[in-house]
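Just so it is clear, the values below take in all heavy atoms, side chains as well, and ignore hydrogens, waters and symmetry mates. Note that the structure is predicted; figures quoted are calculated from it, not measured.
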Amino acid sequence: MFENFTFETFAPHVGTEFHVRLPQGNLPLTLVSAQPGIQAMLTGQRRLGFSLIFRGPPQIYLPANSYDIAHPRLGLLKMMFICPVIAPVDPSTGRPMPGNHYEAIFN
């Protein structure tokens, strides 16, 4: 499924809300960054890797794991692996951005 996704798939959705499907309900995550990566060789094809940073509410922490994540335009992204990361710095304040942050890497 994810082999068809590229940086260009997600870049227009920065600032939009995704929903992690959990047994107790959906957890909203905002896509705060999509960054292109480096070229990688995958089964003989060149593909540009990329990473996504999501921000979630501070009161709920997700451990590194694969989750079903839904988006109104992209549909259901089954078993996307995300892991917690240190919060990016807000350039206007020089302080870490609030909330819990997670990264998904595609290569």
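- Of the options I82, V85, L52, a side chain to side chain contact (heavy atoms under 4.5 Å, CB included) to E103 is made by V85 and by none of the others.
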Less than 3.5 Å apart, which donor and acceptor atoms pair up between the side chains of residues 21-36 and the rest of the protein, not counting sequence neighbours?
from : atom 1 : to  : atom 2 : distance (Å)
S33  : OG     : Q35 : NE2    : 3.3

Query raised in the report: Checking side-chain contact (heavy atoms from CB on, under 4.5 Å) for the pair M79/D68: CA distance, chi angles, key distance, verdict?
Result: CA-CA 5 Å; M79 302 303 288; D68 290 346; 3.8 Å; yes
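- Taking the side chain as every heavy atom from C-beta outward, R95 and D90 never approach each other to under 4.5 Å.
- With rounding to the nearest 0.5 Å, the separation of CG in N65 from SG in C83 is 11.0 Å.
- For the pair Y67 and F18, the minimum side-chain heavy-atom distance is 4.5 Å or more.
- Cluster membership check: M97 does not share its hydrophobic cluster with Y61, using side-chain heavy-atom separations under 4.5 Å among Ile, Leu, Val, Met, Phe, Trp and Tyr.
- Remark: H13 engages no residue in a side chain to side chain donor-acceptor pair (under 3.5 Å) (not counting sequence neighbours).
- Residues A64 and P84 approach most closely at N-CD, 3.7 Å, considering heavy atoms.
- Note that CD1 of I53 is 8.0 Å distant from NE2 of H101, once rounded to the nearest 0.5 Å.
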Query raised in the report: Could you walk me through whether F106 and F50 pass the ring-ring contact (aromatic ring centres under 6.0 Å, His included) check?
Result: CA-CA 5 Å; F106 297 83; F50 61 99; 4.5 Å; yes
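- Residues F7 and I105 do not share a hydrophobic cluster, defined by chaining ILVMFWY side chains whose heavy atoms lie under 4.5 Å apart.
- F54 and L74 fall within the same hydrophobic cluster, defined by Ile, Leu, Val, Met, Phe, Trp and Tyr side-chain heavy atoms under 4.5 Å apart, directly or through other members.
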Report task. Given side-chain contact (heavy atoms from CB on, under 4.5 Å), test V20 with Y102 step by step and report yes or no. Result -> CA-CA 12 Å; V20 178; Y102 307 94; over 6 Å; no
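- The backbone N or O of P57 lies less than 3.5 Å from a partner atom in the side chain of N100, making a donor-acceptor pair.
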